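One structure is given below, encoded as structure tokens.
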Amino acid sequence: MLPLSERIWKLSARDFAPRLIGCTLVRILPTGERLAGVIVETEAYTGPEDLASHAAGGRRTARNESMWAEPGTAYVYFTYGMHFCFNVSCFRKDHPAAVLVRSVEPTEGIDTMRRLREGGTLRKRALRDRDLCAGPGRLCRAMAIDRSLDGEDLHRSSQLAILDRPAGQSEPPIVRTPRIGLGGEVGFWKDEPLRFVWADHPFRSR
DNA sequence: GCTGTGATCGCCT
DNA sequence: GGCGATCACAGCA
């Protein structure tokens with residue numbers, strides 16, 4: 001599998017989000033260990049007009065600066081006092097568009113992911129593979145993604161990369177739904193079908 | 001499988 | 001000072 005080509009990063013968030021389904025997110029840990037998973041669920045945050053976006057109305061702050069960066073920049077933010085979420089900027093520099101990666105199917109480093117997920121918290125049952133990375137906070141925990149990776153250039157990073165679908169693989173079947181967990185006065189943006197899910201994929205979030 | 005609830009803190013107003 | 005692009009667990013079906 002090859003890295004995403006230049007023209008793909010430049011798609012609008014609306015087009016980039018479904019295009020990421022089936023691509024592989026790769027994380028190289030400081031130890032050199034490689035973790036990877038196939039993207040099965042994404043959400044698009046289209047630009048300043050998108051009232052559900054952190055950059056709604058053109059808001060530009062230290063926190064969301066990566067949304068405005070070169071296409072293919074990681075935007076990682078902290079929320080709910082305990083979770084990180086991983087996004088990729090797209091479209092063009094100085095325009096705040098990004099795609100949130102909501103869940104992946106783990107393919108490499110699964111034991112390490114389970115250790116990262118279970119670290120610290122006591123659990124009654126062992127985590128199933130399909131729960132390891134099903135949700136934006138979960139996948140960041142399982143792949144050791146935090147704010148230190150905010151601003152990473154995914155073309156050149158030695159820690160994070162996105163590989164395209166294998167050549168010749170057919171397009172995955174995709175279902176569109178409204179985005180999850182939006183609050184505040186976002187008007188019709190709450191209903192816009194900007195969430196993209198690999199149809200009936202067992203590793204999507206619930 | 002679904003629903004309700006509490007946890008927890010950096011960032012923006 | 002208030003809230004959020006969430007999660008885990010309990011309780012119920």
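Just so we're clear, the structure is a prediction, and the values are computed from it rather than from any experiment. Here is the naming used below: chain letters follow the sequence lines, and residue numbers restart at 1 for every chain. Any value given below was found using the heavy atoms of this structure, including those in side chains, with hydrogens, waters and symmetry copies removed.
For R138(A), the side chain to side chain contact (heavy atoms under 4.5 Å, CB included) test picks out R117(A), D131(A), A134(A), with sequence neighbours left out. Listed by chain and number, the residues in a side chain to side chain contact (heavy atoms under 4.5 Å, CB included) with R7(A) are S5(A) (sequence neighbours excluded). Every residue two or more places apart in sequence or in another chain that forms a side chain to side chain contact (heavy atoms under 4.5 Å, CB included) with P136(A) is listed here: C85(A), L100(A), R102(A). For T112(A), the side chain to side chain contact (heavy atoms under 4.5 Å, CB included) partners two or more places apart in sequence, or in a different chain, are L29(A), E33(A), L35(A), R115(A), L116(A). Residues meeting the side-chain hydrogen bond (donor to acceptor under 3.5 Å, both in side chains) test with S103(A), sequence neighbours left out: E41(A).
Rounded to whole Å, atom P of dA8(C) lies 9 Å from atom CZ of R141(A). Between R179(A) atom CZ and dG4(C) atom P there is a gap of 15 Å when expressed in whole angstrom units. Between the P atom of dA5(C) and the CD atom of E43(A) lies a distance of 10 Å, rounded to the nearest Å. In this structure, CE of M67(A) is placed 11 Å from P of dA5(C), rounded to the nearest angstrom. Counting to the nearest Å, the C1' atom of dG4(C) and the CG atom of L51(A) are 16 Å from each other.
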Next on the checklist: Dot-bracket, 5' to 3', for DNA chain B please: Watson-Crick or G-U pairs under 3.5 Å, [ ] where pairs cross earlier ones, | where the partner sits on another strand, dots elsewhere.
Outcome noted: |||||||.||||.
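In this structure, H54(A) reaches the dA5(C) phosphate: one of its side-chain N or O atoms is under 4.0 Å from OP1 or OP2.
Counting all heavy atoms, side chain and backbone alike, A44(A) lies closest to V99(A) at CA-CG2, 4.4 Å. Across all their heavy atoms, I145(A) and L149(A) have their closest contact at CA-CD1, 3.9 Å. R59(A) and H54(A) make their closest contact through NH2-O, 3.1 Å (heavy atoms, listed as atom of the first residue, atom of the second, distance).
With no hydrogens or angles considered, a side-chain donor-acceptor pair links R195(A) and T177(A) at under 3.5 Å.
Legend: ring pair (Phe, Tyr, Trp, His ring centres under 6.0 Å) pairs involving residues 170-198 of chain A, not counting sequence neighbours, sorted by first then second residue: W198(A)-H201(A). Pairs engaging residues 82-101 of chain A under the ring pair (Phe, Tyr, Trp, His ring centres under 6.0 Å) rule: F78(A)-F84(A), F91(A)-H95(A) [sequence neighbours left out]. Listed by first and then second residue, the ring pair (Phe, Tyr, Trp, His ring centres under 6.0 Å) pairs involving residues 139-173 of chain A are W9(A)-H155(A) (not counting sequence neighbours).
With respect to R14(A) and D50(A), no salt bridge is recorded, no charged nitrogen being found less than 4.0 Å from a carboxylate O.
Taken residue by residue, residues 195-206 of chain A places no heavy atom nearer than 4.0 Å to DNA chain C. Sorted by residue number, the list of members of residues 85-105 of chain A with any non-hydrogen atom under 4.0 Å from DNA chain B is empty.
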Checklist entry - With the sugar-phosphate defined as primed atoms, P, OP1 and OP2, and the base as all remaining atoms, what B/S/- string results for nucleotides 8-13 of chain B, 5' to 3', for protein heavy atoms under 4.0 Å? => result BBSSSS
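In this structure, I180(A) and D131(A) both approach DNA chain C, and ranking their closest nucleotides by distance from the 5' end singles out I180(A).
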